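All values derive from a computational prediction rather than experimental measurement.
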Amino acid sequence: MDKDEIHLRRLPAAAPWGPHGDSEFHGVDFLPDDLSEAPDETGMRVNKKYSCLPAEEKGIHIINIRAIEDIGYDQHESTLLNSLSKNPDADCKYGLYFRDGKRKVDYILVYHYKKSSSGRALARRTHHNDTSARSTKQDHPLPGKSVQLEMGESEPPADSHEDDKRFRREEYEGNLVEAGLELEHDEDTKIHGVGFVKIHAPWNVLCREAEFLKLKMPTKKMYQINQTHGLLKKINSVIQKITEPIQPKVAEHKPQTVKRLSYPFSREKQHLFDLSDRDSFFDSKTRSTIVYEILKRTTCTKAKYSMGITSLLANGVYSAAYPLHDGDYEGENVEPNDRKLLCEEWASYGVFYKYQPIDLVRKYFGEKIGLYFAWLGVYTQMLIPASIVGIIVFLYGCATVDENIPSMEMCDQRNNITMCPLCDRTCSYWKMSSACATARASHLFDNPATVFFSVFMALWAATFMEHWKRKQMRLNYRWDLTGFEEEEEAVKDHPRAEYEAKVLEKSLRKEHKHKETDKEKLTWKDRFPAYLTNFVGIIFMVGLTFAIVFGVIIYRISTAAALAISSTPSGRSSVRVTVTATAVIINLVVIIILDEVYGCIARWLTQIEVPKTDKNFEERLIFKAFLLKFVNAYTPIFYVAFFKGRFVGRPGDYVYIFHSFRMEECAPGGCLMELCIQLSIIMLGKQLIQNNLFEIGIPKMKKFIRYMKLKRRRSLDHEEHVKKKQRYEVDYNLEPFAGLTPEYMEMIIQFGFVTLFVASFPLAPLFALLNNIIEIRLDAKKFVTELRRPVAVRAKDIGIWYNILRGIGKLAVIINAFVISFTSDFIPRLVYLYMYSENGTMHGFVNHTLSSFNVSDFQAGTAPNDPMDLGYEVQICRYKDYREPPWSENKYDISKDFWAVLAARLAFVIVFQNLVMFMSDFVDWIIPDIPKDISQQIHKEKVLMVEVFMREEQGKLQMLETWKDKDKKKGENCNNHSPRLSGSHTGSLSSCHSYPVDV
């Protein structure tokens, strides 16, 4: 027994404590001094499979305390006992180590259990004072339980469901121990009804699994990294000095001049690695990865079907599984750790201007998360030049708005152009000059510079992709991920638990039919119902999105007609802006709601497909979620860009919806301004509400609700409140990590806003840049402070997201070509300037784009109710279209000008698309994917590694030659000995016997 421990077992059994005053405590049974002499009825059964300590350490003095309150301890007496004993929590660094303070906690399993309120386990940690006791199975009765049952005390009825869960836990944990892991239980926590299993991977298990996973570890061999020389060296030194204030103050971020050779770990070649400090050779990220791999492949087979950790979590056998954070990140007297350093130098809004410590992020969270933040950083940096050019284009529009002849003609009241009504009966004739503000605003985004900006952004997207590939290659070299393809396939091809369960179910079904089958697998026939459900579900969701957009169109048409009736003359001029703004807000709300719904539906559709591996599951989920969210986010924008105002008909022959609603028309200045409003509100609103407000508000709200629930369930015991929470308890209260798909998805959708319709909104890169500056720190803060620590996953690229980005970049070229040619007035202006202008200027362009209509040709019931609203009788009104005038033989037919403009538009699309695609491919070709210095360093590493092994082989050969020479000399010495040697020399003869050397 520890000298600092209170020896409760020595208390006299006959002491008249408690209200009964008899010779025994009520409900307390004291064990003999030697547990080995205790009868089996006491129930103290230690499972040898769980016990890892020597036999002499297993004799723990334990009392079973069922009704400890009856003993009569006062609160101050209990406090006195605690003060005399050594605080075990400080030895284990409050949950970061086992109770012995030596073995580190690499992983945590959490489960819920039920127990009686009277047995609140006052001294369960006395019961579990060392590891062997913590490793005992929980189904065995505690000492004294048989006595209590003999005394007639009733136990609560057993819950068969809870017993089944406990049975599965015991089997699973037994299998983990057989796999070499060491376990320790803790049910005496501040969270009532929640137990924790602490898992430690000893050195031999870490070495075995590192070899199996082919983890590259640094060797003793170090080499010099090639440095730049001459002018490049001076430029680099100047850049380093300039950027020094914006570099994070972490050791991992400093430029390296030397690097250790890395090699897949092998137990046979341990001499190659620097094992001077075994505790730090495998960092916490690697240790948790190794334990997680063991958890994934360990199963409990005595249930209905084989269950791995994923299935155990899904079925509630365990409620959570996670690695621990390195420690606290705030507070006084906090020991330095990587989490605290990340919080100070990365997850703080005060360091928004600094580079990210990507190497430290990778060290703490793993390569997959490190690559996400590296990609987000590169994307944000590349938005800086795009934002600058976008601002210049916008300022150019502002500077030339007063010189734009078409908008000046529209604003000139002397032209006295009377326009046809915008709706039937209730709308009256109106002056074109009333749309002056809209025309001037349209020029800000619809000017010759926007064409240049579209070409620039297409080349920017190609350059961004190439820059990221080069950056990714540098990270692969720095993180020892080169040649990782074969290794990752060996690890990631492990079937998912759901897939194995489905296969087992299929094989059992065939066995029931007495069919001999080979190893089963799921075929397309098994998955056909799921595929059909996926197809129908996706078509339905896309149709739902179209229906909602159609509903918003009806809202716009009906609201515009209603406002035209009730508004004052001054208010009628702002009807279009009012209707557009309110309709876009409705679209925004619907998009945000459907985004969440579509995310859940995409996951469900992927689950019923039962993909075989985690990689297949993730890729299919990403594809479905992206497809649904892409359609959801961009359908309203596509409508305004390419469909609005295209099918309206003409005065006297309008197109109607449901025979009552007339199709919408574009403003006199074109639909580009409305497209700009639509794009800006949806993009900014989505970023502000969904990306930032939801990411901050929802996790904090969930954390608060969980805190309140735990507070309500927490015991009122004084000691329970005084003691400090263990690390695993604190981490359990954090939000579970849900994967990187939501993080990537919001950035990919934003990338679409930046590239797809950038011709209509040059300021999109600027708003994306401002959002991302906040987004990086927001995500960082969430990962460091709000989420449980994710399991580190090795990855050498961003996976399917790269292909999606390339697809969006190619699609952006086509869409911008159509936006410029069909949505803006760029092509009609060029056609007028070079084909119809009399003096080579844009004077007369507005009149050229307007057709004439004789008001006597209105259909019955469609003419304005108040034809004298303008104060004079109107005979000819104008509308925007290329049609023959009413005095022509083919009145109101499409004119030749329309076909000339259409031909020019189609020609522009073909030329623009092919030219920009060629330029993008040229950029892709001219920039190598692998930087030259990195390819040289990789080659140098291979050469050095070959040299290391050659020297090792030469050393072995020399050693063998030395052994052979010694053996030969010993044989010669034995042959030279005289046969007359006395018996006293027989001992020396024995030394002449040589042993064979195994070459």
Side-chain H-bond candidate by donor/acceptor type, [X] with [Y], under 3.5 Å:
{"X": "His200", "Y": "Tyr107", "value": "no"}
{"X": "Glu941", "Y": "Tyr223", "value": "yes"}
{"X": "Tyr372", "Y": "Asp779", "value": "yes"}
{"X": "Thr289", "Y": "Arg794", "value": "no"}

Going by the angle between their ring planes, with limits at 30° and 60°, are [X] and [Y] parallel, tilted or perpendicular?
{"X": "Phe281", "Y": "Phe265", "result": "tilted"}
{"X": "Tyr379", "Y": "Trp375", "result": "parallel"}
{"X": "Phe282", "Y": "Trp203", "result": "tilted"}

- prompt: Quick one: is the NZ or CZ of Arg789 closer than 6.0 Å to the six-membered ring centre of Tyr292, and within 45° of its axis?
  reply: no
task: Measure from NZ or CZ of Lys259 to the centre of the six-membered ring of Tyr477 and say whether it is under 6.0 Å with the direction within 45° of the ring axis.
output: yes
message: Are more than 12 heavy atoms, taken from residues, nucleotides or ligands other than Lys269, located less than 6.0 Å from that residue's NZ atom?
response: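 Result for NZ/Lys269: enclosed.
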message: How about CD on Gln270, more than 12 heavy atoms from neighbouring residues, nucleotides or ligands closer than 6.0 Å, or not?
response: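 Counting neighbours around CD of Gln270, more than 12 heavy atoms of other residues, nucleotides or ligands fall under 6.0 Å, so yes.
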Would [X] and [Y] pass as an ion pair if we require N to O under 4.0 Å?
{"X": "Arg287", "Y": "Glu209", "result": "no"}
{"X": "Lys249", "Y": "Glu345", "result": "no"}
{"X": "Glu618", "Y": "Lys615", "result": "no"}

query: After noting the C-alpha distance and the side-chain angles of Asp797 and Lys469, does the key distance pass the salt bridge (Lys or Arg N to Asp or Glu O under 4.0 Å) rule?
result: CA-CA 9 Å; Asp797 52 40; Lys469 280 197 289 188; over 6 Å; no
Is there a side-chain contact between [X] and [Y] in this structure, where contact means two heavy atoms from C-beta onward sitting under 4.5 Å apart?
{"X": "Glu182", "Y": "Pro202", "answer": "yes"}
{"X": "Glu775", "Y": "Glu743", "answer": "yes"}
{"X": "Arg278", "Y": "Leu206", "answer": "no"}

query: Strictly under 6.0 Å, is that where the ring centroids of Phe373 and Trp346 end up?
result: yes
message: Could you go through Asp186 and Tyr728, starting from their C-alpha distance and side-chain angles, then the distance that decides it, and tell me whether this counts as side chain to side chain donor-acceptor pair (under 3.5 Å)?
response: CA-CA 10 Å; Asp186 186 4; Tyr728 43 85; 2.4 Å; yes
For Tyr322, side-chain hydrogen bond (donor to acceptor under 3.5 Å, both in side chains) partners two or more places apart: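 Per chain and number, Tyr322 pairs via side-chain hydrogen bond (donor to acceptor under 3.5 Å, both in side chains) with no residue.
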message: With side chain to side chain donor-acceptor pair (under 3.5 Å) as the criterion, how do Tyr364 and His325 come out once you've worked through the C-alpha distance, each side chain's angles and the decisive distance to 0.1 Å?
response: CA-CA 9 Å; Tyr364 193 79; His325 281 291; 2.7 Å; yes
